[in-house]
There are 2 protein chains.
Amino acid sequence: MGDKMTQETKEAVEKILTDYLERNKHRKTSERFAILNEIYSHNGHFDIEGLYVMMKNKKYRVSRATLYNNIELLLEAGLVIKHQFGKNLAQFEKAYKFKQHDHLICSDCEKVFEFCDPRIMQIQKMAEDMLNFDVFHHSLNFFAKCRILKQNGVCEHKKSVVK
Amino acid sequence: MGDKMTQETKEAVEKILTDYLERNKHRKTSERFAILNEIYSHNGHFDIEGLYVMMKNKKYRVSRATLYNNIELLLEAGLVIKHQFGKNLAQFEKAYKFKQHDHLICSDCEKVFEFCDPRIMQIQKMAEDMLNFDVFHHSLNFFAKCRILKQNGVCEHKKSVVK
DNA sequence: AAATAAAAAATTAACGTTAATTTTCTATTC
DNA sequence: GAATAGAAAATTAACGTTAATTTTTTATTT
């Protein structure tokens, strides 16, 4: 799980956060940079409770409310992305330097798969022009049943992408 | 709000529910048909609390838990669709005979706009074949900023589609 | 450096939803 | 039609998240 990020990434995301905080006249607290670092040294999806446990297991003293508040801030700064995969539990992932992708969720085992398709951008452009909006984020989820499961009665996609 | 549905629609959706209940060996309770009727005599999006209030204002005695449980059942029967527009409050809408559409959400005023694009089906087909799944539902949301608001500082899209 | 005002963190309470438990009702058998 | 077992409805408790309040910290002024 704990995956050390490159020094460049660390500096780049800290710079983005610093700029965002200065631009919006927010304070540069130690908690904010600790949370950012924790998130960026982790791969794949995570939820708030998981992040809380991860940080508790290390030196950090941080409350859940601070995580909820600051993940919102990181969301606005474009440093994390939020997902709602049907369930009533929000999942997050880091956003910096990660190429755009969407998700397909297995309705039997809840595993999440990623895929890319450039046509989503064409749809986005159509919607923007038709409704006169500028899209800053999109979310596309497919909820699906495994074809193998239908045939064999077992749900075993070894090549799960995330979670 | 309260919009009388045609007799044909009423019969059709009741038939779908009856068949679904029989097929899955569930009971045909009065609550289930009351909830279905209430949902189908309403246009646009709604949440559980709103449905609860609507039914309380009429003759019906029904608990919130029953609404939560049965909306899940109607979801499985393909009679309603569930949306999560970023906020932590689920929105629903009837599914029978309503053509496929997706949503764009204004980040300033939370209004929801609908649009259609056939290309989403091509993306779906691609994902299905690549990952070997059969998609039974998708959700595509664009989160966007109003161009007029950016220019004039006011957020007033009169032609809002839903809610 | 001390005093201060404002902002953020922590704590607590509230809300929407889900899960567990109890009560009521359905529908089947006698 | 009465008795019964199982299912669904209602109630209650728990969970994830958001909002409100209190405490702590930041950073600015003196």
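Letters A, B, ... mirror the listed sequences (proteins, then strands); counts begin at 1.
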Could you walk me through whether B:Ile39 and B:Val80 pass the side-chain contact (heavy atoms from CB on, under 4.5 Å) check? CA-CA 9 Å; B:Ile39 289 173; B:Val80 300; 4.0 Å; yes

Just do the side chain to side chain donor-acceptor pair (under 3.5 Å) check on A:Tyr20 and A:Glu76 with the steps written out, would you? CA-CA 9 Å; A:Tyr20 175 84; A:Glu76 274 159 35; 3.1 Å; yes

Start at the 5' end of DNA chain C and walk down; is the nucleotide closest to B:Lys28 or to B:Asn88 reached first? B:Asn88

Going 5' to 3' through nucleotides 1-9 of chain C and flagging B where a protein heavy-atom sits under 4.0 Å of the base, S where only the sugar-phosphate is that close, and - otherwise, we get -----BBSS

Under a plain distance cut-off of 3.5 Å, with no hydrogens placed, do A:Glu93 and A:His101 share a side-chain donor-acceptor pair? yes

So where does chain B start and stop touching DNA chain D, 5' to 3', when the test is distance under 4.0 Å to a non-hydrogen atom? D:dG6 to D:dT17

Have B:Gln100 and B:Asp102 got a donor and an acceptor in their side chains that come within less than 3.5 Å? yes

So that I know where these two stand, are A:His45 and A:Phe85 an aromatic pair - ring centroids less than 6.0 Å apart? yes

Common cluster, A:Ile81/A:Ile71, ILVMFWY with side-chain heavy-atom separation under 4.5 Å: no

Short question: side chain of A:Tyr40, backbone of A:Leu79 - any donor-acceptor pair under 3.5 Å? yes

Taking side chain as C-beta onward, heavy atoms only, is A:Phe98 less than 4.5 Å from A:Lys94? yes

